[in-house]
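Whatever order the structure lists ligands and atoms in, that order sets their numbers, starting from 1.
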Amino acid sequence: MPLDPVTLTDPPLILRPFEARDVPAILDAATDPLIPLITSVPSPCDEVAALAFIERQHERLHTEVGWSLAITEGGQALGQIGLWVLPQKRASVGYWLTGSARGRGLAGRAVKRLCRFALKDARIERLELYVEPWNEASWRTAEKVGFQREGLMRQYQYVGPERRDMYLYSLLPEDLPSR
Ligand SMILES: CC(C)(COP(=O)(O)OP(=O)(O)OC[C@H]1O[C@@H](n2cnc3c(N)ncnc32)[C@H](O)[C@@H]1OP(=O)(O)O)[C@@H](O)C(=O)NCCC(=O)NCCS
């Protein structure tokens, strides 16, 4: 059965399905050194490819892969956040912001809102997150939300052409602050 679309709010942030007006944020992300390596944002990218990316995000619901949402503020897309469904009521979380939206703690707010949806509404019982050790902005974001580091997964996955070590983080319902 397809997953239901959702829109999640934590003013001024709104996490909502991608729309055609989000193309500029995808074009911006396509120029980031990391985002195209860890997501399906194509690089190089043009408007047609960005629209195809948006279409793929909508398909994630139909294929029951998970929820892929635009992180928006005042109508403008600033990034993406995804909740990817795994077996045994587990799911993993991934996120990025465009360069100009960074440095304001917005990813943490978006992650916290998505985790609340996952654990309280989507009946997920364990959330996971994989972060490279050098990516302190990302693991600090995760830790602020309550994720706990479980260990280092050696040579866990390809990032571009290279296998990389990854910290494994998890979040259980009791780890999430009430607000
Ligand atoms: C990870 C990302 C979403 C965080 O964005 P953000 O919400 O703007 O994060 P912030 O800049 O507010 O930083 C979060 C924390 O990390 C710290 N931080 C930021 N940049 C840092 C750096 N280069 N080195 C060390 N710490 C850093 C901040 O001080 C903040 O910590 P604090 O709240 O304890 O002060 C953003 O950097 C990004 O999109 N990166 C590229 C994609 C990516 O890495 N995605 C995650 C893959 S696992």
Fill in: N or O pair under 3.5 Å between V131 and ligand 1
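So ligand 1 has no N or O lying under 3.5 Å from an N or O of V131.
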Worksheet item: Would you say ligand 1 has an N or O under 3.5 Å from any N or O of G108?
Response: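 Such a contact does not occur with ligand 1.
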Item to complete: Please name the pair of heavy atoms, one in V145 and one in C115, separated by the smallest distance, quoted to 0.1 Å.
Response: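 Reported closest heavy-atom pair: CG1-SG, 4.4 Å.
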Worksheet item: Do you know the tightest heavy-atom contact between A30 and P36?
Response: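 That would be O-CG, 3.6 Å.
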Discussion item. Could you measure the distance from the CG atom of L13 to the CG atom of L106? Nearest 0.5 Å is fine.
Written reply: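 With rounding to 0.5 Å, CG (L13) is 5.5 Å from CG (L106).
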For [atom], grab the closest protein heavy atom and report residue, atom and distance to one decimal in Å.
| atom | answer |
| --- | --- |
| atom 5 (O) of ligand 1 | L97 CD1, 3.6 Å |
| atom 45 (N) of ligand 1 | Y95 O, 2.8 Å |
| atom 9 (O) of ligand 1 | T141 OG1, 4.0 Å |

Ligand 1 atoms in contact with [X] (distance to a heavy atom under 4.0 Å):
| X | answer |
| --- | --- |
| S138 | 1 (C), 46 (C), 47 (C), 48 (S) |
| L34 | 43 (C), 44 (O) |
| G105 | 7 (O), 12 (O) |
| W96 | 39 (O), 42 (C) |
| I38 | 47 (C) |

Discussion item. Would you say the rings of F147 and W139 are close, in the sense that their centroids are separated by under 6.0 Å?
Written reply: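 Ring centroids of W139 and F147 are no less than 6.0 Å from each other.
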Worksheet entry | Chi angles and distances behind the side chain to side chain donor-acceptor pair (under 3.5 Å) call for Y95, S138 | CA-CA 9 Å; Y95 43 83; S138 181; 2.9 Å; yes
Discussion item. Over 60° means perpendicular and under 30° means parallel, so tell me whether Y130 and Y156 are parallel, tilted or perpendicular.
Written reply: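 Answer is parallel, since the angle falls under 30°.
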Item to complete: Show the numbers, then the answer: is there a side chain to side chain donor-acceptor pair (under 3.5 Å) between Q57 and Q80?
Response: CA-CA 10 Å; Q57 306 320 300; Q80 179 192 15; 3.2 Å; yes
Region of [X] engaging ligand 1 - heavy atom pairs below 4.0 Å:
| X | answer |
| --- | --- |
| R140 | side chain |
| Y130 | backbone |
| K144 | side chain |
| N135 | side chain |
| L106 | backbone |

Worksheet item: Taking it one step at a time, do T39 and W96 satisfy side-chain contact (heavy atoms from CB on, under 4.5 Å)?
Response: CA-CA 9 Å; T39 69; W96 55 260; 3.7 Å; yes
Discussion item. Using side-chain contact (heavy atoms from CB on, under 4.5 Å), reason through L176 and K112 one step at a time and then give a plain yes or no.
Written reply: CA-CA 8 Å; L176 190 65; K112 193 182 291 181; 4.3 Å; yes
Worksheet item: Has R163 got its NZ or CZ under 6.0 Å from the middle of the six-membered ring of Y158, at an angle within 45 degrees of the ring axis?
Response: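 Pair R163/Y158 counts as cation-pi.
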Worksheet item: Just going by heavy-atom distances, which of R102, E136, M166, E132 is nearest to atom 36 (C) of ligand 1?
Response: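 Of the listed residues, R102 has the closest heavy atom.
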Worksheet item: Nearest protein heavy atom to atom 22 (C) of ligand 1: under 4.0 Å?
Response: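 False for atom 22 (C) of ligand 1.
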